[in-house]
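Just so it is clear: chains get the letters A, B, ... in the order the sequence lines come, proteins before strands, and each one is counted from 1.
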Protein chains: 2
Amino acid sequence: MENRIERIKKQLHSSSYKLTPQREATVRVLLEHEEDHLSAEDVYLLVKEKSPEIGLATVYRTLELLTELKIVDKINFGDGVSRYDLRKEGAAHFHHHLVCIDCGSVAEIEEDLLEDVEAIVESGWNFKIKDHRLTFHGICEKCQQEDRADENE
Amino acid sequence: MENRIERIKKQLHSSSYKLTPQREATVRVLLEHEEDHLSAEDVYLLVKEKSPEIGLATVYRTLELLTELKIVDKINFGDGVSRYDLRKEGAAHFHHHLVCIDCGSVAEIEEDLLEDVEAIVESGWNFKIKDHRLTFHGICEKCQQEDRADENE
DNA sequence: CTCTGTGCAAACGGTTTGCAGCTCA
DNA sequence: TGAGCTGCAAACCGTTTGCACAGAG
């Protein structure tokens, strides 16, 4: 935890930004909720619990800054809200998501899985890939079980 | 063209919707710009050229209706605007996109490419896939050539 | 006549921006 | 002192909604 903060601090400094208390509070919330896919508003409310004086605009500006430095990834599942996802340490590729269309839960896939596909696309379409977004929409394990339970009623 | 309109008309009817002049004008714009990834506003302006009385709300409502009936797909490249993409005749899967981070152009990939990946995800994560979104961000062929030309200056 | 669909304008909600004040070198 | 950063409120902008009216069956 502390050493990840330290590393982020260095990343900011190397681009001549400061790790202000507000920025640190925001980063801490992101670290503590690494599995969730928080919206800016979510982050704001969580930061506010510990630092009540913070403003929503500051959170937005911090998230934008972190996105720019590729410390977080800004994602959009099509529900009209941007969500922010901390990049995994040393992850070469952006991870994938499984969005459940029943309960709305979002799971992550760390495995790359796209290596073959990317090779095909790069050679077949002459496209130099820099990043990707892959999201599957479907039914999560829990909802599948509940659906089956419903059927047996 | 005409028979695709006819087919869409039938799809609407089978869900007890009418193909009104406004809806037809909107669909025609989508058919005429199948390669572009138009925003609602884009569609509105194009429809307005031929049917100036149409309102923006009607275009939104039509696009929503077409999305519901899976005649178009609503996509989001993260620039804060929804774009609408006509489904290819009989396409089982939603196609993929190549977004150029230099010039902003968007190309489409019709090939599935994800069959293997989906099989892995379904069995490995117990997730029943219903749909997917795959977008690659990178440099298109044209911009790669221009970059190379720049280097040789 | 009824029900669906439409145009307009207002409302909405997430995000951005202008600005005055603050912090810390 | 000055550059960067913050909080607040207002502005923004894509999208949705309420409502009165039009049009087809």
**Study point:** Note: A:E2-A:R28 ion pair, threshold 4.0 Å (strictly below)
**Key:**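 The answer is yes: the pair qualifies as a salt bridge.
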Closer than 4.0 angstrom, basic N to acidic O: yes or no for B:K142 and B:D102?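 So B:K142 does not pair with B:D102 through a salt bridge.
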Walking DNA chain D from its 5' end, the first of A:E53 and B:S39 to be reached, judged by nearest nucleotide, is A:E53
- [ ] Describe, in one word, how the ring planes of B:F77 and B:H97 are oriented to each other, choosing from parallel (under 30°), tilted (30 to 60°) and perpendicular (over 60°).
- [x] perpendicular
Requested in this report: For the pair A:F136 and B:H132, name the ring-plane relationship: parallel under 30°, tilted 30 to 60°, perpendicular over 60°.
Outcome: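 Perpendicular.
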Euclidean distance, B:F94 CZ relative to B:D85 CG, rounded to 0.5 Å:
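Reported to 0.5 Å precision, the distance equals 5.5 Å.
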Roughly how many Å is it from [atom1] in [X] to [atom2] in [N], rounded to a whole number?
X     : N      : atom1 : atom2 : answer
B:L66 : C:dG5  : CG    : P     : 12 Å
A:Y44 : D:dT6  : OH    : P     : 14 Å
B:L19 : C:dT6  : CG    : C1'   : 15 Å
B:H13 : C:dG5  : NE2   : C1'   : 13 Å
A:F77 : C:dG14 : CZ    : C1'   : 17 Å
A:R83 : C:dT15 : CZ    : C1'   : 15 Å
B:R23 : C:dG5  : CZ    : C1'   : 6 Å
A:L65 : D:dC5  : CG    : P     : 8 Å

From the candidates C:dT15, D:dT15, C:dT6, the one with an atom nearest any side-chain atom of A:V81 is C:dT15
> Which part of the nucleic acid, if any, lies within contact of B:S82, taking any heavy atom under 4.0 Å across all strands shown: a base, the sugar-phosphate backbone alone, or nothing?
Replying inline: sugar-phosphate
Could you tell me whether B:L56 contacts a base, only the sugar-phosphate backbone, or nothing, with contacts defined as non-hydrogen atoms closer than 4.0 Å? base
| field | Short side-chain N/O contact from A:T20 to OP1 or OP2 of D:dT6, under 4.0 Å | value | yes
Going 5' to 3' through nucleotides 17-25 of chain C and flagging B where a protein heavy-atom sits under 4.0 Å of the base, S where only the sugar-phosphate is that close, and - otherwise, we get BB-------
How about B:T26 and B:Y44: do any of their side-chain heavy atoms sit closer than 4.5 Å?
->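 Not touching, per the 4.5 Å side-chain cut-off.
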> Any side-chain heavy atom of B:L113 sitting closer than 4.5 Å to one from A:V121?
Replying inline: yes
Heavy-atom nearest nucleotide on DNA chain C for B:Y17 versus B:K48: which residue maps closer to 5'?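 First, find each residue's nearest nucleotide; the 5'-ward one identifies B:Y17.
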